[in-house]
Amino acid sequence: MELAAIFISAVLVQNFVLYYFLGICPFLGVSKKIDSAVSMGLAVTFVMSITAVVSWLINNLILIPYDLGYLQIVSFILVIASLVQLVEMFIRKISPPLYQALGIYLPLITTNCAIMGLALIAALNELGFVETVIFGFGSGIGFTLAIVLMAGIREQLDLSDVPEPLKGAGIALIVAGIMALAFNGFIGMLT
Amino acid sequence: MTELLVPILTMTALGFLFSSGLVLAYKKLRVEEDPKVEKISEALPQANCGACGFSGCRAFAEAVVKGNAEANGCPVGGEEVAQNVAAILGVEAGEIIKKVARVHCRGTHEAAQNRGVYIGISTCTASHLVGGTKQCSYGCMGYGDCVRACQFDAMEMGKDGLPIIREDRCTACGKCVDACPRNILELHPLSQNILVFCRSEDRGPIARKLCKNACIACGICVRACPDAIVLENNLAVITDYKKIDPEKIPAIEKCPTKSIGRLKEDNDG
């Protein structure tokens with residue numbers, strides 16, 4: 001029951017994009033088409049899940065026993081950067097068009113604060129191993145949910161009559177804000 | 001000393017671990033790519049206009065390397081780019097004829113009769129659906145779909161209601177040709193100086209009534225140069241400009257409505 005709560009919390013209530021407002025860069029950058037948004041979401045989900053596992057292992061097996069807590073950030077960055085390289089090579093191999101579509105946002109997952117945030121929040125809350133796995137996977141699913149919803153709305157927005165000054169990033173940020181308000185409604189679910 | 005060594009060693013060990021993981025992964029997942037693709041891609045104008053028939057400069061570069069496209073296949077880059085691409089491939093470039101878009105209408109506000117006032121979406125495509133603003137249903141409507149289609153800032157709408165093409169900027173990408181609902185624009189070699197400036201297929205008397213500068217299919221130009229000019233659907237058509245004898249140009253220019261002739265500097269592009 002506890003694990004389900006962690007999962008739902010990560011997906012809906014404390015959604016990384018819409019609650020913490022982390023990972024806004026790909027959220028706005030790759031949310032123009034549903035196809036590439038889904039792929040981006042899955043890439044981030046993959047990196048988040050593995051990052052959660054590996055950073056938990058490093059944190060609990062190396063850093064904490066040897067009292068090296070101050071190396072958390074730098075070692076997490078190492079984990080994330082390596083994983084992103086791996087994902088990049090993998091996507092380039094299996095789907096060059098997808099590689100083109102994700103463009104610069106793929107290597108930018110490295111500096112995506114949602115993933116760094118995930119590793120740090122998991123370490124801060126002293127989650128157990130299984131909890132961390134669920135938390136990482138759930139956060140990725142939450143990111144995917146947010147970016148796909150956003151892409152769906154933006155595909156509709158392209159056809160709508162948006163006031164001239166708000167076109168592009170302006171209306172996208174307003175939509176993101178309204179979505180965040182809507183997701184706030186989920187807070188009551190867990191209490 | 002230990003305080004300093006432990007973190008350094010830890011990070012080195014972690015870094016080594018991850019980098020060896022990446023090296024292994026790279027061996028499995030490496031994508032072989034011809035270095036020529038990258039070089040050719042850099043030599044191209046990066047306009048990604050699609051005039052070559054591929055989805056972008058990168059796709060064209062890949063096609064050239066695979067042999068699916070000619071080295072001179074980029075109309076935007078012209079001779080210089082073709083030479084560079086050919087040099088990378090190690091082949092001869094082949095001759096490139098520089099082309100530009102030309103406007104085949106002289107139905108200015110002054111010359112052409114108006115049909116009425118058009119109130120609606122001010123694009124040629126929309127206006128064309130209801131028959132356009134001018135009485136002539138073949139002429140330029142002047143809402144500038146072609147100007148908006150041009151990525152190279154080579155077109156502007158003239159005060160007389162006809163688009164003006166800047167030869168030096170036109171890359172013959174053909175975007176304006178596609179944008180015009182009435183097919184008034186066409187690509188011609190830059191050296192071709194004799195053009196028909198009309199698209200009207202109306203019969204002579206009607207065409208003249210609707211526009212002072214319309215081709216009335218009188219045939220003066222055809223008699224002057226029967227090898228290269230023919231009448232088709234009440235309109236003079238140049239079949240092969242290379243066969244036009246320069247000495248006969250004055251005879252062609254006797255056209256009573258001046259709908260065929262040499263380019264003028266002012267606004268015919």
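Naming convention: chains lettered A, B, ... in sequence-line order (proteins, then strands); numbering from 1 in each chain.
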Subject >> Atom CD1 of B:I121 with >12 non-hydrogen neighbours under 6.0 angstrom >> reply: no
Original post:
Where on A:L68 is there a heavy atom nearer than 4.5 Å to chain B: the side chain, the backbone, both, or neither?
Top reply: side chain
Original post:
In terms of heavy-atom contacts, does CD of B:E201 have more than 12 from other residues, nucleotides or ligands at under 6.0 Å?
Top reply: yes
**OP:** State whether the number of non-hydrogen atoms from other residues, nucleotides or ligands found under 6.0 Å of A:D67 atom CG is greater than 12.
**Re:** no
Original post:
For A:L166, does the CG atom sit with more than 12 other heavy atoms under 6.0 Å from it, leaving out its own atoms?
Top reply: yes
**OP:** Give me the contact list for residues 15-23 of chain B versus chain A, heavy atoms only, anything under 4.5 Å, ordered by residue number.
**Re:** B:G15, B:F18, B:L22
Original post:
Checking heavy atoms, do the side chain of A:I94, its backbone, both or neither come under 4.5 Å from chain B?
Top reply: neither
**OP:** Drop me the distance from B:K28's NZ to A:K93's NZ, to the nearest 0.5 angstrom.
**Re:** 10.5 Å
Subject >> Within-4.5 Å side-chain heavy-atom neighbours: A:Y66 and B:P7 >> reply: no
Original post:
Should A:V79 and B:L14 count as side-chain neighbours, where that means a heavy-atom distance under 4.5 Å?
Top reply: no
**OP:** Taking atom CZ of A:F90 as the centre, report whether more than 12 heavy atoms of other residues, nucleotides or ligands fall under 6.0 Å from it.
**Re:** no
Subject >> Nearest non-hydrogen partners of A:S75 and B:M11, listed with the distance >> reply: CA-CE, 3.9 Å
Original post:
Crowded around B:Y143 OH? As in, over 12 foreign heavy atoms under 6.0 Å?
Top reply: yes
**OP:** Taking atom CD of A:E155 as the centre, report whether more than 12 heavy atoms of other residues, nucleotides or ligands fall under 6.0 Å from it.
**Re:** yes
**OP:** Hey, could you give me each pair passing side-chain hydrogen bond (donor to acceptor under 3.5 Å, both in side chains) that has a residue in residues 4-30 of chain A? Not counting sequence neighbours.
**Re:** A:Q14-A:Y20
